[in-house]
Amino acid sequence: ILANEPIYAGKAKSIYKIEENEKEVLVEFRDDITAGNGAKHDVKSGKGYLNTLISTELFNVLEKNNVPTHLIEYIEPNIMIAKNVKIIPLEVIVRNIAAGSLCKKYPFEQGQVLKTAVTQYDYKNDDYGDPMLNNEIAIELGLATEEELVEIKKLALKVNDVLKGFFDEKGIMLVDFKIEVGKTADGQIVVADEISPDTMRLWDKETKDVLDKDVFRKDLGDVLEKYKIVAERIGCLK
Ligand code: C5P
């Protein structure tokens, strides 16, 4: 299948059609790593593998906690078979601790614990630099209905509850993360795309060591070594 052209190629993943199967797609996690909307780019051998492992594990954890995801099957080393969903072009962000753009745009201290989880959604649109949306703008743009936005927020907070607890047990703080959601053929909204150190901020609970893509964004060291620590701690890399 990978000999064919992907039907979609993003910055770190490619999506392929499966012959005579409209309901599923094949997601290839590539070794590319980017930051700043593609302004910074590198290729790190083994990164696709680690992110497929971690993403699959986290989707399984979510499924076990009754959170619907697009995951169907993991194929070693870097392929995920997923439901063929229609992606809703939102970057749904949940934050437990202030970091990143929240501290750039507002007077929050980096590392400040937020009293309640803060949800935010940005418009997934590179041409416009992924601007933050509110409900009215999202609805006017036809991205989702009011009811869907309520459901998406609930889903994102449930993902946060489940993953925050999961990581806490492994000695890791879930600082923030982004998910994408998609609609299945029968209209169900599910967590899609990936959940990996590319799309989360993860800090070691004790040392506050950064274990996510900020290591690449800010040149803090060997990014893959950190991803490996995450995979080992959550038990998917032996
Ligand atoms: O940059 P910002 O602080 O808004 O990012 C919040 C969270 O969303 C981070 O975990 C970041 O990795 C993730 N994110 C992402 N893709 C983007 C923007 C943010 O995965 N395009």
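All values derive from a computational prediction rather than experimental measurement. Both counts, for ligands and for their atoms, begin at 1 and track the order of listing.
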Side-chain donor-acceptor distances from residues 131-141 under 3.5 Å, at least two apart:
residue : atom : partner : partner atom : Å
Asn134  : OD1  : Glu136  : N            : 3.3
Asn134  : OD1  : Ile137  : N            : 2.9
Asn135  : OD1  : Tyr121  : OH           : 2.0

List, ordered by chain and residue number, the protein residues whose closest non-hydrogen atom lies under 4.0 Å from any atom of ligand 1. Glu91, Ile93, Arg95, Ala99, Gly100, Ser101, Asp130, Asp176, Phe177, Lys178, Asp198, Thr199, Met200, Arg201, Arg217
Between Arg30 and Glu28, is there a side-chain N and carboxylate O pair less than 4.0 Å apart? no
Results of side chain to side chain donor-acceptor pair (under 3.5 Å) for Lys17 - residues two or more places apart only: none
Counterpart residues, side chain to side chain donor-acceptor pair (under 3.5 Å), relative to Lys40 (two or more places apart): Asp219
Among side-chain atoms of Asp130 and Asn37, is any donor-acceptor pair under 3.5 angstrom? no
Against Lys47, only a single residue in Asp32, Asp198, Asp222 fulfils salt bridge (Lys or Arg N to Asp or Glu O under 4.0 Å); can you say which? Asp198
